[in-house]
Amino acid sequence: MTQTTTQTPQPQGLARAETDAVDEQLAARLVEQARSQGISLVGPDGLLQRVTKLVLEGALEGELTDHLGYSHGDPAGRNGANSRNGTRPKTVLTEVGPVQLAVPRDRDASFEPRIVRKRQRRLVGVEDLVVSLVAKGLTTGEVQAHLAEIYGAEVSRQTISTITDRVLEGLAAWQSRPLDPVYPVLFIDAINVKLRDGQVCNRPIYVALAVTCDGERDILGLWAGDGGEGAKYWLHVLTEIKNRGVGDVCIVVCDGLGGLPEAISAVWPAAVTQTCIVHLLRNSFRYASRKDWATIAKDLRPIYTAPTEAAALEALASFAAAWEARYPAIIRLWEHAWAEFVPFLAFDAEIRTVIATTNAIESLNARFRRSVKARGHFPNEQAALKHLYLTVVSLDPTGRGRRRWTNRWKAALNAFDIAFDGRISAGRK
């Protein structure tokens with residue numbers, strides 16, 4: 001009589017742990033074998049390159065098996081309509097360097113591999129690496145030298161330009177995509193880049209960053225302007241944003257550019273124009289000696305943290321009494337911006353937090369400036385826009401990296417809807 005034993009299924013966690021242990025043992029054996037044979041882990045003909053070659057060739061062989069319907073050496077393939085036809089050599093650039101592959105072929109040339117496509121010379125990871133390096137400000141020559149030094153790969157500058165040029169289609173689609181019908185807050189600002197148009201000159205790139213009704217940060221677009229930053233071009237930018245579906249914006253936060261409040265009102269009559277607190281502080285420091293910055297910052301704080309406009313006016317009077325004799329331009333700056341600064345004081349703490357937290361657009365502009373500074377100047381505005389868009393892509397490569405503006409967004413959303421008479425709820429329907 002034969003005794004039958006029943007195996008008890010292992011818990012999923014235990015099975016996973018055993019699999020991980022096997023993987024670790026396999027990796028350890030590969031590393032030990034490579035060391036014993038004097039094979040380096042990285043570099044030309046290193047362990048990583050050899051493993052990559054084995055994995056890719058195994059995957060290609062598996063794809064051909066699926067295509068033909070039988071395994072290598074299987075009698076089922078004899079006298080068939082199609083069959084294996086040897087291999088052909090191919091070199092592909094991977095993140096571990098160039099890898100020589102033996103790509104399997106079939107007799108009627110109907111096999112279309114997917115993991116390494118026909119005429120493909122670079123794996124996706126390499127293209128992502130090139131895009132990332134360019135986004136960080138490296139020139140094509142510097143990227144070429146980096147790939148040669150680190151990966152032992154010879155890539156021409158033209159190839160690098162071709163890789164980055166592929167983002168232009170994505171830029172066009174991103175720049176024209178439909179937007180939300182309503183945004184609680186829209187931040188607008190401009191940075192200057194240097195263009196070599198006959199002679200090197202500064203050109204503004206206009207940036208719009210919104211807080212969505214879900215509390216996420218969304219970069220709405222990039223626009224290259226002519227000459228210096230101007231309210232007339234901002235009117236064009238805001239009109240384009242409206243034409244892409246934005247019917248209402250509650251608050252637009254901007255710097256103190258003349259004519260900008262009128263441009264905002266022309267596009268969204270009900271929008272509140274709010275001067276950016278960070279811009280006011282930064283512009284204040286420009287008129288003061290560096291040794292006084294800390295004291296000035298401390299004395300300005302009671303103005304923009306005041307509970308009411310009357311309290312803010314008292315704080316401004318106190319600041320003027322202390323500093324007007326030495327820095328009268330700072331007092332004039334605040335008085336000139338007062339009409340666009342005052343709306344901030346009418347909102348409760350939840351809305352103030354969202355408006356004053358300009359870290360997102362300041363951080364974005366800092367990344368833009370750092371990348372542009374490393375690059376120097378651009379041959380034309382398309383090159384500048386492509387470079388800045390690459391920076392945007394590198395910040396959010398998956399398109400799902402938009403973080404929440406604040407952890408207490410629901411409270412802020414309710415405050416916005418009450419303060420603006422249900423415009424957010426109405427716009428989302």
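Excluded from the calculations below are hydrogen atoms, water molecules and symmetry mates; all remaining heavy atoms, backbone and side chain alike, are included.
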Fill in: Atom pair CD1/CZ of Ile251 and Phe420 - distance to nearest 0.5 Å
4.0 Å
Worksheet item: Between Tyr389 and Trp174, how do the two ring planes meet: parallel, tilted or perpendicular, split at 30° and 60°?
Response: tilted
Worksheet item: Ignoring hydrogens and geometry, is there a side-chain-to-backbone donor-acceptor pair from Asp255 to Leu257 under 3.5 Å?
Response: yes
Worksheet entry | Residues in side chain to side chain contact (heavy atoms under 4.5 Å, CB included) contact with Ala329, at least two apart in sequence or another chain | Tyr287, Arg332
Practice prompt. Evaluate the side-chain contact (heavy atoms from CB on, under 4.5 Å) criterion for residues Cys254 and Asp189: first the C-alpha distance (whole Å), next the side-chain angles of each, then the deciding distance (0.1 Å), finally the verdict.
Written response: CA-CA 6 Å; Cys254 58; Asp189 200 4; over 6 Å; no
Worksheet item: If only atom types and distance count, is the side chain of Asn283 paired as donor or acceptor with the main-chain N or O of His279 below 3.5 Å?
Response: yes
Discussion item. Atom CD of residue position Glu262 - does it have more than 12 heavy atoms of other residues, nucleotides or ligands inside 6.0 Å?
Written reply: yes
Worksheet entry | side chain to side chain donor-acceptor pair (under 3.5 Å) contacts touching residues 311-331 (sequence neighbours left out) | Asp292-Arg326, Asp292-Tyr327, Asp299-Trp323
Practice prompt. Would you please test Arg196 and Phe378 for side-chain contact (heavy atoms from CB on, under 4.5 Å) and show each step?
Written response: CA-CA 6 Å; Arg196 190 177 64 249; Phe378 301 92; over 6 Å; no
Item to complete: Measure from the side-chain N and O atoms of Gln274 to the backbone N and O of Phe344, and report whether any donor-acceptor pair falls under 3.5 Å.
Response: yes
Worksheet item: Any side-chain heavy-atom pair from Val252 and Ile188 closer than 4.5 angstrom?
Response: yes
Response to the item:
Separation between CG (Asn380) and NZ (Lys386), nearest 0.5 Å, reads 9.0 Å
Worksheet item: Side chains of Glu240 and Trp223: donor-acceptor distance under 3.5 Å anywhere?
Response: yes
Practice prompt. Without swapping roles, check the side chain of Thr353 against the backbone of Ala349 for a donor-acceptor pair under 3.5 Å.
Written response: yes
Fill in: Atom pair NE2 (His377) and CG (Leu195), whose distance is rounded to the nearest 0.5 Å
9.5 Å
Discussion item. Test side-chain contact (heavy atoms from CB on, under 4.5 Å) on His387 and Ser371; report intermediate values, then the result.
Written reply: CA-CA 8 Å; His387 184 85; Ser371 181; 2.5 Å; yes
Worksheet item: Does Asp248 reach the main-chain N or O of Arg423 with its side chain, forming a donor-acceptor pair under 3.5 Å?
Response: no
Worksheet item: Any sub-3.5 Å donor-acceptor pair from Tyr233's side-chain atoms to Ala224's backbone N or O?
Response: yes
Worksheet entry | Sidechain-backbone polar pair: Lys194 side chain, Cys201 backbone, donor-acceptor under 3.5 Å | no
Discussion item. The test is ring-ring contact (aromatic ring centres under 6.0 Å, His included); show your working for Phe416 and Tyr183 and say whether it passes.
Written reply: CA-CA 10 Å; Phe416 270 106; Tyr183 289 106; over 10 Å; no
Worksheet item: Does Asp218 pair with Arg177 as a salt bridge, N-O distance under 4.0 Å?
Response: yes
Worksheet item: So, Arg352 side chain and Leu345 main chain: donor-acceptor pair closer than 3.5 Å or not?
Response: yes
Discussion item. Looking at Arg244 and Gln175, would you say the former's side chain and the latter's main chain have a donor-acceptor pair under 3.5 Å?
Written reply: yes
Item to complete: Any chance you could lay out the side-chain contact (heavy atoms from CB on, under 4.5 Å) test for Leu333 and Ser284, step after step, and finish with the verdict?
Response: CA-CA 7 Å; Leu333 173 69; Ser284 299; 3.6 Å; yes
Worksheet item: Any side-chain donor-acceptor pair under 3.5 Å between Asp180 and Thr212?
Response: no
Worksheet entry | Sub-4.5 Å side-chain heavy-atom contact between Val272 and Val249 | no
Discussion item. As an exercise, state the distance from CZ of Phe319 to CZ of Arg301, rounded to the nearest 0.5 Å.
Written reply: 14.5 Å
Fill in: Non-hydrogen side-chain atoms of Trp338 and Glu309 separated by less than 4.5 Å
yes
Worksheet item: If you round to the nearest 0.5 Å, how far is CD1 of Ile303 from CG of Leu313?
Response: 9.5 Å
Fill in: Backbone of Leu316 reached by a side-chain donor or acceptor of Trp334 within 3.5 Å
no
Worksheet item: When rounded to the nearest 0.5 angstrom, what is the spacing between CD1 in Ile330 and CG in Leu280?
Response: 11.5 Å
